[in-house]
Number of protein chains: 2
Amino acid sequence: MTAVTTQCCAPIARAPLSEDDAADLAVLLKAVADPVRLRLLSMIGSHPGGEACVCDLTGVFDLTAPTISHHLKVLRTAGLIDGERRGTWVYYRIIPETVSRLGALFTPLAAPPAAQSGPVDVELLTV
Amino acid sequence: MTAVTTQCCAPIARAPLSEDDAADLAVLLKAVADPVRLRLLSMIGSHPGGEACVCDLTGVFDLTAPTISHHLKVLRTAGLIDGERRGTWVYYRIIPETVSRLGALFTPLAAPPAAQSGPVDVELLTV
DNA sequence: CCTTTGGATAGAAGTTCATCTAATCAGGAG
DNA sequence: CTCCTGATTAGATGAACTTCTATCCAAAGG
């Protein structure tokens, strides 16, 4: 266990964020701060096999294919998903490291109403 | 323990998000998807006593007071912070429940490179 | 080769958002 | 009461974002 142990606050509430870190994280958060992209991310992540074809995604929304393509590109540019063409179709899958980076920002606030049974060990990411 | 136990994926990667849930969460995420608001949140949360006066916040940024006030209002409207006037000054503090709701969305993806020692119990929030 | 289908790119239109200046509200101090 | 300071509200402006249509690229089949 190489992590720093804490039982208090989320990283975001433990020390002031630097200007650079805040700018970095804002880019990442902006990528997921959209209903369509949030649903795309969850559809890709929960798809059997861990990956989803674009053709599985376009039909679900009331949007044109280029719009879906645009949103996938935003997620991809942010490093949240990765895509690969195999033959005719393109498959996307989640990049867990980036997703967990978001979670680590807000999570270790522990349980606010009823505290967890024991102290929670938290990786202190360098963002 | 009334929670569902899992050792796999973040909630966002476990089941497709409904349209309504995605819209709700996008509003919350949009509130934190800004460098200034991210820093405001972390400055308020990490301030001694758990609360910060607006006067502590305005000087740090290269922005006018009304702009800071606007950002604080966005955070407040989203339910991430709460403010109270005491005499001359207004003090803001974090609402941990809302912050942890964000963390719960992305976190339980476990440790991607090296798995945690044991399975992690995760509250399955209804969002 | 030509055609068809899946997907991405280019550019435009409408909307949302961050920021400013100016004006307003709330408490204290003289 | 009047003035000063802390903070918010109102309105305007310019940039960024979401979505569209039209076009283009890539792979597979006839």
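Chain letters run A, B, ... following the sequence lines, proteins first, then strands; residues in each count from 1.
Across residues 27-35 of chain B, B:Lys30, B:Asp34 each have a non-hydrogen atom less than 4.0 Å from an atom of DNA chain C (numbered order). Listed by residue number, the members of residues 37-49 of chain B with any heavy atom below 4.0 angstrom from DNA chain D form an empty set.
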Under 3.5 Å, which donor-acceptor pairs do the side chains of residues 41-56 of chain A form with other protein atoms, sequence neighbours left out?
unit_1: A:Ser42; atom_1: OG; unit_2: A:Arg39; atom_2: O; d: 3.1
unit_1: A:Ser42; atom_1: OG; unit_2: B:Leu17; atom_2: N; d: 2.9
unit_1: A:Ser46; atom_1: OG; unit_2: A:Ser42; atom_2: O; d: 2.6
unit_1: A:His47; atom_1: ND1; unit_2: A:Glu51; atom_2: O; d: 3.1
unit_1: A:Glu51; atom_1: OE1; unit_2: A:Arg93; atom_2: NH1; d: 2.9
unit_1: A:Glu51; atom_1: OE2; unit_2: A:Arg86; atom_2: NH2; d: 2.5
unit_1: A:Asp56; atom_1: OD2; unit_2: A:Cys53; atom_2: N; d: 3.2

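Shown here are the salt bridge (charged side-chain N to carboxylate O under 4.0 Å, His left out) partners of A:Arg85, two or more places apart in sequence or in another chain: there are none. With sequence neighbours left out, B:Thr77 forms a side-chain contact (heavy atoms from CB on, under 4.5 Å) with B:Lys73. Listed by chain and number, the residues in a side-chain contact (heavy atoms from CB on, under 4.5 Å) with A:Ser18 are A:Asp20, A:Asp21 (sequence neighbours excluded).
Listed by first then second residue, pairs satisfying salt bridge (Lys or Arg N to Asp or Glu O under 4.0 Å) with a partner in residues 25-38 of chain A number zero, not counting sequence neighbours. Counting only residues at least two apart or in different chains, salt bridge (Lys or Arg N to Asp or Glu O under 4.0 Å) contacts with residues 57-70 of chain A are absent.
A:Asp24 is listed as a side-chain neighbour of A:Arg101, based on a closest heavy-atom distance under 4.5 Å. With contacts defined as side-chain heavy-atom distances shorter than 4.5 Å, the pair A:Tyr92/A:Leu75 does not qualify.
Across every non-hydrogen atom of A:Pro11 and A:Leu105, the tightest pair is CD-O, 3.3 Å.
The nucleotide range of DNA chain C contacted by chain B, defined by atoms under 4.0 angstrom from heavy atoms of the protein and reported 5' to 3', is C:dC17 to C:dG28.
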Measure all distances between protein nitrogen or oxygen atoms and nitrogen or oxygen atoms of nucleotides 7-9 of chain D, and list the pairs falling under 3.5 Å.
unit_1: D:dA7; atom_1: OP1; unit_2: B:Cys55; atom_2: N; d: 3.4
unit_1: D:dA7; atom_1: OP2; unit_2: B:Cys55; atom_2: N; d: 3.2
unit_1: D:dT8; atom_1: OP1; unit_2: B:Tyr92; atom_2: OH; d: 2.6
unit_1: D:dT8; atom_1: OP2; unit_2: B:Ser69; atom_2: OG; d: 2.7
unit_1: D:dT8; atom_1: O5'; unit_2: B:Ser69; atom_2: OG; d: 3.1

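Not one N or O on the side chain of B:Ser69 forms a donor-acceptor pair closer than 3.5 Å with the backbone of B:Ala65.
Here A:Trp89 sits in one hydrophobic cluster together with A:Tyr91; the rule is ILVMFWY side chains under 4.5 Å apart, joined directly or through other members. Applying the 4.5 Å side-chain rule to ILVMFWY residues, one finds that A:Val27 remains a lone member of its cluster.
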